[in-house]
Student: 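Quick one: this structure, given as structure tokens, is what I'll be asking you about.
Remember, it's 1-based here, ligands and their atoms both numbered in the order they're listed.
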Amino acid sequence: MLLEVRAVAPFYKNGFVVGCERTRQAILIDPGDEVDELMAAVRDLEVDVQAILLTHAHVDHVTGVGAAKHAYGAPVYLHKEDLFLYEGTVQQGAMFGFKVRQPPPVDVFYDGSPINFGDYEVRVHHTPGHCPGGVCLQIGKSGARGEDLFVGDTLFAGSIGRTDLPGGDYETLMRSITGVLFSLGDEAAVHPGHGPDTTIATEKNNNPFVLEYLATKSTKY
Ligand SMILES: [Zn+2]
Ligand SMILES: [Zn+2]
């Protein structure tokens, strides 16, 4: 699997190019302010972008969608429960003090069916909590268990997504992390929306927010 990550100021949000080394088909995940760097990576890798996949619709994850769509004409995918955030991109930007343009319309809402590029397959898992339409994109060779998880802002190395933004909910987030993400395999690599990569096993065993949540659960029940 070809994988490139880029991040720039002010949000240092990770944008990804994921490609098939055999067919040179690729996808973009969460193109934001670093979209020029992602497009340079696409040129260097000599891949064809087939789809633009969004883990969720917070402003830092969508500001590059317009440029990417313009460059590649590829369909934009989002979970429908984040449409209100996507449609409010300009207002979200204003909330953080940034002037941003409304991105182009969503082309496809995730419906549970896998998305293919080259020899690879993306399985989409709904992981609400940070926002209502957050998803985890699990990527691997078609038919195999995907070992790379693009989790957006649900889970970070040593931390968890904030739940104080519109549509956020702590209990829902923790259920997404412990119930959905943790079932995808201890060895799976986690590629968060901000900061460094980690693994499911590392977060299961060391993430202080996860450990605190699990401790509360076990005393209550
Ligand atoms: Zn977010
Ligand atoms: Zn973010």
Student: Establish, from distance only, whether the side-chain atoms of Asp60 and His194 form a donor-acceptor pair under 3.5 Å.
Tutor: yes
Student: Please calculate the NE2(His61)-the Zn ion (ligand 2)-NE2(His194) angle and round it to 10 degrees.
Tutor: 120°
Student: Looking at Asp153, pick out the N, O or S atom nearest to the Zn ion (ligand 1) and give its name.
Tutor: OD2
Student: Testing Asp197, Thr154, Ile160, Leu149 for side-chain contact (heavy atoms from CB on, under 4.5 Å) with Pro192, which one passes?
Tutor: Asp197
Student: Hey, which N, O or S atom on Asp60 ends up closest to the Zn ion (ligand 2)?
Tutor: OD2
Student: To the nearest 0.5 Å, what is the distance between NZ on Lys204 and CG on Leu181?
Tutor: 10.5 Å
Student: Please confirm if an N, O or S atom belonging to His56, backbone or side chain, lies less than 2.8 Å from the Zn ion (ligand 2).
Tutor: no
Student: If the test is side-chain contact (heavy atoms from CB on, under 4.5 Å), which one of Asp153, Thr55, Leu165, Leu85 qualifies with Cys131?
Tutor: Leu85
Student: Rounded to 10°, how big is the angle at the Zn ion (ligand 1) from His130 NE2 to His58 ND1?
Tutor: 80°
Student: Is it true that Glu121 and Lys141 make a salt bridge, defined as a side-chain N closer than 4.0 Å to a carboxylate O?
Tutor: no
